[in-house]
Amino acid sequence: MNGVTKRIRNWLEVRVGLDELLRSNLTDYRVPSNINLFHTLGAVAVVGYLIQVITGICLLIYYIPHADHAFRSVQEIMTRVPYGWLFRQMHVVGSNLLIAAVFVHMVTIFLMGNYKRPRELTWISGGLLMVITLCFGFSGYLLPWTQLSYWATTVATSIPTAFPVVGDFVSRLLRGGSSVTGITLTRFFAVHVSLLPPLFVFLMVVHIALIRRIGLSATPFGRSDEEKRPLTEFRKKLHPDGYPYYPYLLQKQALMGILYFVVMFLVISFAPTFFFPEEATVPADAFKTPESIRPEWYFLAPYQMLKIIPNKFLGISLQIILLAVFIFWPFLDTHKEKNIFKRPVLRGVFIVVMIAMVILMWWGRR
Ligand code: HEM
């Protein structure tokens, strides 16, 4: 270390206690020795979110949130702004990858039973993060003001009207009138760039603070002495079954973060139109309904479910109940066993739900 670096380091050491900060957060902080690559998916979601923020800010410089200009401004970003196409592709491909990563993160947490006591609040904050991530997708979809985004939003914002008493109010609140117009665009833009980001950051801080306090769960499929000790002791330095967070887990997380980038650039390079069907390249026209309107892949299952249940009120009520069951699941499943392979009924329910989701998605695409 040369003289200048040493002096900067000493200066910081006196003021912020850098050594102690790094030691307590990196090497003294312990993680279970039998964690696996699935334990990196939360960090992948953090990386994915940061990419969305950075590329989103770049897009904001040229995007115009007005019905008369939005479509043209996005075309200019794609064709005239230097590297505009790259930032837009990263933002669009990234939003899809982020939702996929969060989904896999959630499923693996479920399979390992890591939502159980004392991690109920970690699960609930994660569930709310999932909902907000989907709201990002929903609100961002309208912004390019294309035929697809216009009509998909028209269909989606009409869904609440099936609900008595408050349904019409909710629909009008979302649209800012009786149909999707420039006012809807302004509202969705405001939600997308100024309401959801602070909410997301707040929940992410809560989520990660809880994980840091309690410590990561050991994988229930291997050997671990986690359960024999007080549940929040795991993260401590003296824990005999623990490995230092750095380099043991941080390296794995960095590797998976890089893999996330690789997948993103593979999609952008070899399948640049994958997330841009034809209707997504035509400007919105309120007088011309396209032949097929379908939402993004992550909304296909609930969308198809609503389509096949003849009574819309029943369909929406069922989905609200399913969402509540998902968010409060740790309080419903109080069984002590974490390993899903030792719980045949839960395993059966999980497989049925996954198959039903795949069938509904495939059906909704047709
Ligand atoms: C964008 C959204 C999310 C972010 C940024 C995020 C971030 C993280 C991070 C960094 C970790 C620690 C490392 C790991 O296990 O991967 C973690 C763990 C965890 N996450 Fe998330 N997460 C998100 C969504 C979710 C969702 C949707 C759920 C479930 C509904 C969830 C539930 C949990 C639980 C219970 C843990 C603790 C795991 C353990 O103790 O082993 N998270 N999350």
Side-chain angles (χ1 to χ4, degrees), residues 25 29-53 94-137 196-197 199-222 224 226-227 231-235 239 241-243 245-246 248-257 259-260 298 322-333 338-340 350 353:
N25 283 297
Y29 187 82
R30 295 298 151 119
V31 296
S33 55
N34 70 353
I35 49 168
N36 50 37
L37 277 184
F38 291 135
H39 275 95
T40 61
L41 291 170
V44 169
V46 176
V47 171
Y49 181 70
L50 288 177
I51 297 176
Q52 292 311 108
V53 172
S95 68
N96 287 280
L97 287 185
L98 176 61
I99 290 173
V102 175
F103 186 74
V104 181
H105 172 54
M106 185 185 80
V107 169
T108 55
I109 300 272
F110 183 84
L111 291 178
M112 296 191 283
N114 288 347
Y115 51 85
K116 286 184 180 287
R117 182 179 175 274
R119 298 186 174 83
E120 300 91 336
L121 290 179
T122 316
W123 172 272
I124 293 179
S125 56
L128 295 176
L129 277 169
M130 175 99 226
V131 172
I132 295 202
T133 312
L134 291 174
C135 290
F136 266 117
L196 296 178
L199 265 180
F200 190 94
V201 170
F202 170 73
L203 284 167
M204 191 157 77
V205 169
V206 171
H207 194 63
I208 293 175
L210 287 170
I211 295 158
R212 295 300 285 194
R213 202 194 93 73
I214 298 168
L216 277 183
S217 319
T219 317
F221 313 128
S224 144
E226 181 194 31
E227 307 307 338
L231 282 160
T232 48
E233 289 295 290
F234 201 90
R235 68 213 152 95
H239 200 288
D241 198 27
Y243 278 17
Y245 170 64
Y246 173 80
Y248 190 59
L249 178 59
L250 189 61
Q251 260 179 7
K252 288 190 176 65
Q253 290 177 327
L255 180 80
M256 291 295 275
L259 195 69
Y260 184 85
Y298 40 86
L322 288 177
L323 182 68
V325 168
F326 157 67
I327 301 265
F328 295 108
W329 180 251
F331 298 107
L332 300 175
D333 172 26
K338 284 174 81 182
N339 187 345
I340 197 163
F350 172 77
V353 170

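One-based numbering, in listed order, for ligands and for the atoms of each.
Considering backbone and side-chain atoms alike, His207 places an N or O below 3.5 Å from some N or O of ligand 1. Of the polar atoms of Tyr115, none of the N or O atoms is found under 3.5 Å from an N or O of ligand 1, judged by distance alone. Residue-to-ligand polar distances place Arg119 within reach of ligand 1: an N/O pair is separated by less than 3.5 Å. Considering backbone and side-chain atoms together, His105 places an N or O closer than 3.5 Å to an N or O of ligand 1.
Not one N or O on the side chain of Tyr245 forms a donor-acceptor pair closer than 3.5 Å with the backbone of Leu250. Looking only at distances, no side-chain donor or acceptor of Arg117 sits under 3.5 Å from a matching main-chain atom of Pro330. No donor-acceptor pair under 3.5 Å is formed between the side chain of Tyr115 and the backbone N or O of Met106. Judged purely by atom type and a 3.5 angstrom limit, His39 has no side-chain atom pairing as donor or acceptor with the backbone of Asn34.
In terms of protein heavy atoms, atom 35 (C) of ligand 1 is closest to Ile109 CG2, 3.5 Å.
Proximity of Phe200 to ligand 1, defined as any heavy-atom pair under 4.0 Å, is confined to the side chain (atoms from C-beta onward). With a 4.0 Å cut-off on non-hydrogen atoms, Asn114 touches ligand 1 through its backbone as well as its side chain. By the criterion of a heavy-atom distance under 4.0 Å, both the backbone and the side chain of Ser217 are placed next to ligand 1.
For atom 3 (C) of ligand 1, the nearest non-hydrogen atom from the set Leu98, Val104, Leu129 comes from Leu129.
Close approach of ligand 1 to Met204 is summarised as follows: ligand atoms under 4.0 Å from at least one heavy atom of the residue are 5 (C).
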